[in-house]
Amino acid sequence: MKNFKVIPFIITIIISFNLNLFADSDNFPSDISEQFEQNTSYIVCDPLQPFNRGIFAFNDKVYTWFLEPSAKGYSKIFPKKIRHWFNNFFKNLLFPIRFVNNILQFKFKGAGIETARFILNSTIGVVGFSDVAYWKFHLKPHDEDFGQTLGFYHLNNTIHLEWPFIGPSNIRDTIGFVGDLFLNPISYIPNLWIAGAIYTFKKMNYTSLHIGEYEKFRRESLDFYSFIRDMYEQNRIKLIKE
Amino acid sequence: MRKITILICWILFLSFSLYAQTDDKSFVENLLKNTTQKAISILKDKKLTEKEKKDRIYELVNPLFDFNIMARLTLGRKYWNKMTPEQKEKFLKLFKKRIRMVYLDRVTLKEVTYKIKPAIQKKKRIIFVPAIFTSEGKDYSTLFKFWKSKKGWKIYDVEIEGVSIIRTYKSQFNQILSKGTIDDLLKKLESNSDKVK
């Protein structure tokens, strides 16, 4: 009979445990809301916002007045397949950036796969026009850049920046961008005009493969600047974590 | 004797809750797998019109989302508690409509393959399920965040390529509310939803 005394005790424990679990579910469950309120690494540090918004508005006009119309016209002349070839070619060209930054983050497997991809695509893939490494050998790219390497070494929580023609960035990724220029074959072209023309073509070709996406984001956002800024920063955090 | 009984009961109770946790993980994983499977079969159904497909997808996915909690999270405790019941109701309606238009109605079938990865127990009642959707040779890594609400396991946030629905909206709402009132935000949401189509 002694044991029966225990039962109410156990029931109380179970009930109080369950009550505790659901006590706040009608309002703000703290275990969920703290992910969005206290996790400061996701709150973008943007003290230069007025300046950034100005550059953002400028880039927006560059896109709508020049980049998009030219990409649209260009896409009418060249079929999608050829534009994909160009895109693959430029991607293949930037192999040194991916290789070095994989090594700098001790991602030797990634560096190996990137090397295999570069060799396959440069030979069988006709100087990089075709991504045979992916389609035939299922080798996926291991994208790493110097901004990600700096993030890997905990250079984080930096100030957000907008650059004319380049777009959203921050201090970390700006240093990364400059660092990567040394590994970018295009920056070794001595004539600045030719290098600039190649860069513009590359950007136009890329835009032609993503027409409509930018407009869609603009329509769906309530504050376009902070929407693009947050998307950029959140995506970078994820790429660094990988 | 009594102490031993309590101890045994505790062990039983703890082992049961541990068992329940591993069970939760596979439950949530299967929930997501089944829903994705069903959604793809709806999209592949050639007898259905585009509108019917959208409605069926919504019917299928709607019970899985906890819109109440999502709306609260995007505003944050600070602003949510300041709102009147009418404002709350209006906001919830507009927010739900927006999620439906921006995310659910956009689900189309372009040779999508997917892989749902093992679930991760984040906290006692929070489970994350990572998944990879592949379309046209590109991978989109996605993270579904579930919590155990009173009505069972529900999604409270989705991350696509690291970009969280809640964080992105929260920051935009905060931006508007830092300069305007709650009614300004509601007006903006209402006028903007006409553009999104």
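Chain letters run A, B, ... following the sequence lines, proteins first, then strands; residues in each count from 1. Quick note: numbers below take in every heavy atom, side chains included, and nothing from hydrogens, waters or symmetry partners. Bear in mind the structure is a predicted one, so any value in this text is a computation, not a measurement.
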Considering only heavy atoms, which portion of B:Ser164 lies under 4.5 Å from any heavy atom of chain A: side chain, backbone, both, or neither? both

Where on B:Lys170 is there a heavy atom nearer than 4.5 Å to chain A: the side chain, the backbone, both, or neither? side chain

Under 3.5 Å, is there a donor-acceptor pair between the A:Gln49 and B:Gln175 side chains? yes

Side chains of A:Asn170 and A:Glu233: is there a donor and an acceptor less than 3.5 Å apart? yes

Is the distance between the ring centroids of A:Phe99 and A:Phe118 under 6.0 Å? no

Give a yes/no verdict on a cation-pi contact between A:Arg117 and A:Tyr134, requiring under 6.0 Å between NZ or CZ and the six-membered ring centre and an angle within 45° of the axis. no

Contact part of A:Arg229 toward chain B, heavy-atom cut-off under 4.5 Å: side chain, backbone, both or neither? side chain

Would you say A:Asn101's side chain and A:Ile97's backbone share a donor-acceptor pair under 3.5 angstrom? yes

What part of A:Lys241 gets closer than 4.5 Å to chain B, counting heavy atoms only: side chain, backbone, both or neither? neither

Under 4.5 Å to a heavy atom of chain A? For B:Asp139 that would be side chain

Does any donor atom in the side chain of A:Asp173 or A:Tyr232 lie under 3.5 Å from an acceptor atom in the other side chain? yes

Considering only heavy atoms, which portion of B:Asn174 lies under 4.5 Å from any heavy atom of chain A: side chain, backbone, both, or neither? neither

Interchain contact, B:Leu189 with chain A, by part (heavy-atom threshold 4.5 Å): both

Go through the atoms of A:Asp230 and report whether side chain, backbone, both or neither lie under 4.5 Å from a heavy atom of chain B. side chain

